[in-house]
Amino acid sequence: MVLRMSRLMLKTLRDAPADAETASHKLLVRAGYVRRSSAGMWTWLPLGKRVLDNVARVVREEMEAIGGQEVLLPALLPREQYAATGRADEYGDLLFRLTDRKGADYVLGPTHEEVFTQLVKDQCTSYKDLPLTLFQIQTKYRDEARPRSGVLRGREFQMKDAYSFDTDDEGLAASYRLHRQAYIRIFERLGFDFRVVSAVSGAMGGSASEEFLAPAAAGEDTFADCPACDYAANTEAVTFTAAPGDAAAVEHRPVEELDTPDTPTIEALAAHLGVPASATLKNLLVTVDGEITAVGVPGDREVDLGKLAEHLAPAAVALVTAEDFADRPDLVRGYVGPQGLGIRYLADPRIAPGTAWVTGANKPGRHAANVVCGRDFTVDRYLDVVTVRAGDPCPRCGTGLRLDRAIEIGHIFQLGRKYSDVFRFDVLGRDGKPVRVTMGSYGIGVSRAVAALAEQTADGAGLCWPAEVAPADVHVIAAGKAVQTALAEEAAAALHAAGLRVLLDDRPSLSPGVKFTDAELIGVPTLLTAGRRAADAVVELKDRRTGTRQDLPLPEALSLLTPPH
Ligand code: ATP
Ligand code: MG
């Protein structure tokens, strides 16, 4: 079909929406691909729907190529299906909840592990029914706190979610590998610049997990990348192990108590004493399942509460509140030190035995210097909990890490038996005994991928789609005069006949300048213009990405564009 712009519902905009911050948000709205419907909700207009469908097609083809079977489950789900795994609570405010006319509770699915587990439990009873991979491309709902950046983070969005079911760990590993390879093919075909990085599993649970990240300034994820080896990980997943220290190996002066009035913060303390923040030991108080616990990190470091919670899961971790302090006179807010402290002490591995610190003296307005780990206090458990910084050592080779921003476009998990345990999903094994099924789950942000691609490929003039996802293969422009229109029509018909997808700018009474500007903004990979030399049947071919142009007789231009059969 030739898509005629004279009839296409398309209104390009000169100005971006006032609240748009990212290039993809601005351009997808300006070029008429999407339109905001309400906060975090987007309407896909004709051009946008084509790109979205192209992404979905590539995803579907590659999922089918690894044996995935497509299904479609409801998005509206009885709440009790989520209650069984505790995720209704875990997801908290992220979950859209509603009630039907009979008062029964429902949620709009944010992801579907529970429902798939129950579906397959119902359908598969024997090891002969497995391995099995099911997938769907479906609308998901998450009541995101900050739905922003256009379709990059919607409250309603399209996701491809897949689930694998195996009877043993080797099977799960094989299913995971297949998905990983399919994802690499998908993101290559879509035209992404992407990295596969180690990730933490978060609310999903389970063990191994990797993220597919598209480096982009607009990204909300930060990943660490080693310039020397192939290590790459989400900053939340970077691990740090200090060289083992020895408290007795170094001679240290005795502990010295210092008068440090009004220095409850590390900055104030470091300035008062004239020492770097990295020489001080900061002790954060948290509750772990209600029990007050101290976490020690170097003063110039931040505690990553997400990492901490991950280490201590399933225990609940929270910052202490004023009430927690109320009946604990031994805990002096702002002046806590690990020496002589009667609570559990967790610490970053940098607080190694033999290291000496300036830290709180557990008295108001006082600090202690030369407090030595292993001599003056002991660490109950070492945990890697600090926020990673550029230059931190690569866990694999020790080289200083680089930090980059990226958009998460896919995430794969080896869930293991977390969900099959909850739903007691066994199948009959080869030996006639029941075996517990093991699962993987695999997501791709289909709608997010559209914006992420726009983010990575757009230039100053507009969008610039990779071939697989572009709304058309060729954008044919009729400059305006009758002879130009006739030649453009001829070109469009020939390209269409050769199997190409054509966008034809046949809008009457628009200046060529307006048409060219729109064409750049819309971003179809090849522009074919019937312009100045149309009377001689010569057209101009332009590559949207490189800007290269050439004048060619129409038949030659056509033979360049149409693949030989
Ligand atoms: P994020 O950290 O960005 O919130 P997530 O880790 O919660 O994402 P997953 O649960 O792993 O997301 O979902 C699978 C995929 O769905 C993600 O990799 C991402 O591409 C996409 N996705 C998640 N949330 C959204 C959203 N609000 N809007 C658009 N796409 C999303
Ligand atoms: Mg994720």
Side-chain angles (χ1 to χ4, degrees), residues 22 24-25 28 34 36-42 44 48 52 55-56 59 63 75 82 85 87 90-96 108-116 135-163 179-180 183 186-187 190 192 194-206 208-216 218-223 233-237 306 310 405-415 418-419 440-456:
T22 58
S24 60
H25 185 179
L28 288 171
V34 299
R36 184 180 176 278
S37 174
S38 63
M41 311 285 189
W42 291 86
W44 292 83
L52 184 67
V55 172
V59 169
M63 287 306 298
Y82 275 82
T85 55
R87 282 215 297 183
E90 248 168 76
Y91 267 107
D93 290 340
L94 215 57
L95 212 53
F96 276 106
L108 290 172
T111 171
H112 277 59
E113 280 73 11
E114 287 82 353
V115 203
F116 271 87
F135 76 96
Q136 62 174 346
I137 296 174
Q138 193 221 28
T139 307
K140 294 282 190 283
Y141 296 86
R142 293 183 186 179
D143 194 358
E144 301 276 359
R146 283 178 303 281
R148 43 180 222 101
S149 309
V151 295
L152 271 180
R153 183 174 297 283
R155 297 202 295 165
E156 177 184 275
F157 59 97
Q158 299 296 312
M159 193 202 287
K160 186 285 298 176
D161 46 328
Y163 306 85
H179 279 85
R180 192 179 192 278
Y183 274 40
I186 288 168
F187 293 125
L190 294 178
F192 270 110
F194 68 98
R195 300 294 307 265
V196 192
V197 312
S198 319
V200 291
S201 318
M204 213 63 86
S209 118
E210 286 168 295
E211 281 171 350
F212 290 73
L213 298 183
E220 293 183 22
D221 280 76
T222 308
F223 73 107
N234 194 307
T235 45
E236 295 161 14
E310 184 82 15
R405 306 288 288 169
I407 300 165
E408 180 189 323
I409 46 178
H411 200 162
I412 55 178
F413 297 89
Q414 291 193 24
L415 295 174
K418 170 171 171 170
Y419 294 88
S441 108
Y442 316 87
I444 289 183
V446 171
S447 48
R448 177 180 287 185
V450 174
L453 273 176
E455 211 54 65
Q456 284 195 332

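Side-chain atoms are counted along with the backbone in the values below, which use heavy atoms only and exclude waters and symmetry mates. Fair warning: this is a prediction, and the values are worked out from it, not measured in the lab. One-based numbering, in listed order, for ligands and for the atoms of each.
The closest heavy-atom contact to atom 16 (O) of ligand 1, among the options R155, K140, E211, M159, comes from M159. For atom 18 (O) of ligand 1, the nearest non-hydrogen atom from the set E408, R448, H411 belongs to E408.
Side-chain atoms of Y163 come within 3.5 Å of backbone N or O of H112 as a donor-acceptor pair. Side-chain atoms of S447 come within 3.5 Å of backbone N or O of Q158 as a donor-acceptor pair. For the pair R142 (side chain) and L94 (backbone), a donor-acceptor distance under 3.5 Å is absent. Remark: the backbone N or O of K160 is not paired with any side-chain donor or acceptor of Y442 at under 3.5 angstrom.
Of all atoms in ligand 1, listed by their number and element, those nearer than 4.0 Å to a heavy atom of I409 are 18 (O), 20 (O). Set against the non-hydrogen atoms of G410, the atoms of ligand 1 under 4.0 Å away are 18 (O).
For ligand 1, the polar-atom distance check against G154 finds a nitrogen or oxygen pair separated by under 3.5 Å. Residue-to-ligand polar distances place E144 within reach of ligand 1: an N/O pair is separated by less than 3.5 Å. For ligand 1, the polar-atom distance check against Y91 finds no nitrogen or oxygen pair separated by under 3.5 Å.
Considering only heavy atoms from C-beta on, T22 comes within 4.5 Å of E455 through its side chain. Taking 4.5 Å as the limit, every side-chain heavy atom of K418 sits out of range of all side-chain heavy atoms of E113. For the pair R180/F212, a side-chain contact is recorded, criterion being any heavy-atom separation below 4.5 Å from C-beta on.
Closest approach between the Mg ion (ligand 2) and any N/O/S atom of E408 involves OE2. Note on H411: its N/O/S atom closest to the Mg ion (ligand 2) is ND1.
Residue L152 places a heavy atom less than 4.0 Å from ligand 1.
Both the backbone and the side chain of R153 come within 4.0 Å of ligand 1, counting heavy atoms alone.
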- Query: For R448 and E408, what are the C-alpha separation, side-chain angles and deciding distance, and is it a side chain to side chain contact (heavy atoms under 4.5 Å, CB included)?
  - Reply: CA-CA 9 Å; R448 177 180 287 185; E408 180 189 323; 3.9 Å; yes
